[in-house]
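Accompanying notes for the structure given below.
Bear in mind the structure is a predicted one, so any value in this text is a computation, not a measurement. Numbers restart at 1 for each chain; the letters A, B, ... are given by sequence-line order, proteins then strands.
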Number of protein chains: 2
Amino acid sequence: MVRKVTINDLAQAAGTSVTTVSQILNGKGDRFSADTRKRVLNLKVEMNYVPDFNARNLIMKSAQTIGVLVPNVGNPFFSELIKGIQTIARENQFIPIIFSSNHDAELEKYYLEKLVERSVSGLIIASAAITAEVIDEILNPNNIKYLLIDENTVEAGDTVQTDDYHGGQLAAQHLIDLHHKKIAMIISDSLTNNLRRRLQGFEDVCIKNDIDLKTDIVKIASPMTKRGGYEAVTELVKHPEVTAVFTINDEMAVGVYRGLRERKIDIPNDLSVIGYDGIEWGEYFSPKLTTIRQPIIELGKKSAEVLLNRVNNPKVKTQTVNLPVELVARESTTQNTK
Amino acid sequence: MVRKVTINDLAQAAGTSVTTVSQILNGKGDRFSADTRKRVLNLKVEMNYVPDFNARNLIMKSAQTIGVLVPNVGNPFFSELIKGIQTIARENQFIPIIFSSNHDAELEKYYLEKLVERSVSGLIIASAAITAEVIDEILNPNNIKYLLIDENTVEAGDTVQTDDYHGGQLAAQHLIDLHHKKIAMIISDSLTNNLRRRLQGFEDVCIKNDIDLKTDIVKIASPMTKRGGYEAVTELVKHPEVTAVFTINDEMAVGVYRGLRERKIDIPNDLSVIGYDGIEWGEYFSPKLTTIRQPIIELGKKSAEVLLNRVNNPKVKTQTVNLPVELVARESTTQNTK
DNA sequence: TTGTAAGCGTTATCAG
DNA sequence: CTGATAACGCTTACAA
């Protein structure tokens, strides 16, 4: 077993004190002779010295770490989100620790505590298994900043969100422009705030266009996964009057594709489908998925920026970022001819 | 700002010494009176005491952390792998820190160093941007155990792998059973060891069946992504004699689907497609993707098990796990009638 | 049954 | 320009 090289070893090798080494290595060594400086720097590389993280953080009280809680890394939406976060984190010399909580409140709480234990500086929470209140209860006493996004948005504090309400509007308007009047909505079996806004936008536009929420709209709730979408089709086909379906996210749309295909129902000729998210995969399905695109990577980046800014300047005034969404009309929706 | 409660505060409140508190909280307090024990335990909850992670690890020399390096979290193969790792990690009270290196050697090295800095106990590396030698060079002096899997397998040391060679054989045999004689292989533009084995198995079976590697097989190299598969089609269609295509992973197959569809080439009637990996998405595409299924979650679990076992018992003898693969014949392959 | 004190590897203060 | 020395919060011999 090789003992780790410590600052002591390095100081000894350089024939200086640990103070000297520490200062030089931390960029505070202007006052030392160029000679000493070079000697230390070289030795550091040569001896492969890496400062001990724990010792360092113990005294610095910062682990240069942020935590990220998502419901499901398997969903491309979240893996793209993570990419955005990772980019900004890296630029700021922060490390993100990512947990996928699988919509399991128990697990989520467990991870939350682990993260607190590690004294992360901040947290980005995109998962809503546990409520904002509980999160606050755990995080606040430990002075950990956090940002709730996507599933877990709230009104107060720093906010980074996409315009879900408008996204819902766009989706409805698109279907209505195509003369659809009987529409199915495939929604989550546990609605979070962002999803509620999304639906609200959708429904408001429907109402404005004389589409009756009671008689013209079919709502089907299911888990927000490919399988959930797939299973929702069983219910969907019980409503033959429906000519278009809005799925609350792209992953469910993919499930719907499969369900319809297995029943020989053609998209878009028998049934138009519009999704939500704008994941890369949508373009690879046949027909290419019409959807509402969120700027996912951007959402990740902005979230990280806002959080880190808060971490670095606790007193900065409330930050609000609103990102636009857009309709991406592709092949899965078409004119209603019935 | 709320100061964190330390073991000292707790000891003071309990009217005992820190030793007492420490011992009791670490389950080594049998020797103390039930009374003291209860007092300390209660106070811990009451005062919301959480041991300082850094201080603790500094002395324990273990951060109960493993690092995981994958090329791309966006690829479902890796997100499933991560799920498996996370499950076992959690069971063992370990935290996985996951990095997606994007096939960028620079980035990979950066993350590797960050991980070393944090004195992780072990590392699972499924990414091959940098070589095993460099990895060894960085990790060994720091006494960090690691396990190379998937892209980055080697012959020596602990090994967890799926039977790539056999997988390649299965794929070839399947196509040959369907009477395909002119076959395209869409492969990675940077072949890693596991992929080489995969190809070797494929080619060996071809040879055994009088298929000439020179004249009957077309090889197209492209990045291992959806887009890479998509772009490979441009080259693929230059070979109209080809009746079947083997893509080295499922994600590329998805890209091929799109490329062929845009050219009105029907799968499987004009061209059979077989992928590799067995990601969940394969079943959601139309036609459902025929593929070679690797036990991905299992691969993640076993990897974590083997690594953690190595971490806990450095002297245990070399561990080898070989996981089976299987052909999943679905709809994207059919008899060759040409 | 309990407490004292040393030490983990680092940074920061302050005196040379 | 440089180096003792304290301090961070914890665990663990070793005493009592």
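Contact check, R56(A) against dT11(C): a side-chain N or O comes under 4.0 Å of OP1 or OP2. Within the structure, a side-chain polar atom (N or O) of S17(B) is placed less than 4.0 Å from OP1 or OP2 of dG3(C). Close to dT11(C), at under 4.0 Å from its OP1 or OP2, lies a side-chain N or O of S22(A). OP1 or OP2 of dT12(D) has at least one side-chain nitrogen or oxygen of K28(B) nearer than 4.0 Å.
Of the two residues contacting DNA chain C, namely I59(B) and V50(A), the nearest-nucleotide position lying further toward the 5' end is that of I59(B). Position along DNA chain D of the nearest nucleotide to F53(B) versus F32(A) favours F32(A) as the more 5'-ward residue.
Although no hydrogens or angles enter the test, the distance criterion places a donor-acceptor pair under 3.5 Å between the side chain of D104(A) and the main chain of L107(A). A side-chain donor-acceptor contact under 3.5 Å links R37(B) to the backbone of G29(B).
Of the candidates dA12(C), dT11(D), dG9(C), the closest approach to any side-chain atom of K61(B) belongs to dG9(C). Nearest to the side-chain atoms of T19(B) among the listed nucleotides dT12(D), dC8(C), dT5(D) stands dT12(D). The nucleotide whose nearest atom lies closest to any side-chain atom of S33(A) is, among dT13(C), dT2(D), dC8(C), dT2(D). Proximity note for A55(A) (side chain, C-beta onward) versus dC10(D), dT12(D), dT10(C): the nearest is dT10(C).
Listed here is the closest heavy atom pair of S100(A) and Y111(A): O-CE1, 4.0 Å.
Where the helix from dT1(C)-dA16(D) to dG16(C)-dC1(D) starts and where it ends, the local axes point in directions that differ by 40°; five pairs per end, rounded to 10°.
For residues 34-45 of chain B, proximity to DNA chain D is found at no residue, defined as any non-hydrogen atom under 4.0 angstrom from a strand atom.
Summarising the local packing, NZ of K301(A) is surrounded by 12 or fewer heavy atoms from other residues, nucleotides or ligands at distances under 6.0 Å. The number of heavy-atom neighbours closer than 6.0 Å to NZ of K109(B), taken from other residues, nucleotides and ligands shown, is 12 or below.
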Which donor-acceptor pairs under 3.5 Å do side chains of residues 83-92 of chain A form with protein atoms, sequence neighbours excluded?
from, atom 1, to, atom 2, distance (Å)
T87(A), OG1, K83(A), O, 2.8
N92(A), ND2, I88(A), O, 2.8

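No donor-acceptor contact under 3.5 angstrom links the side chains of T159(B) and T320(B), judged on distance only.
Within 4.0 Å (heavy atoms only), N26(A) reaches sugar-phosphate atoms of the nucleic acid but no base atom.
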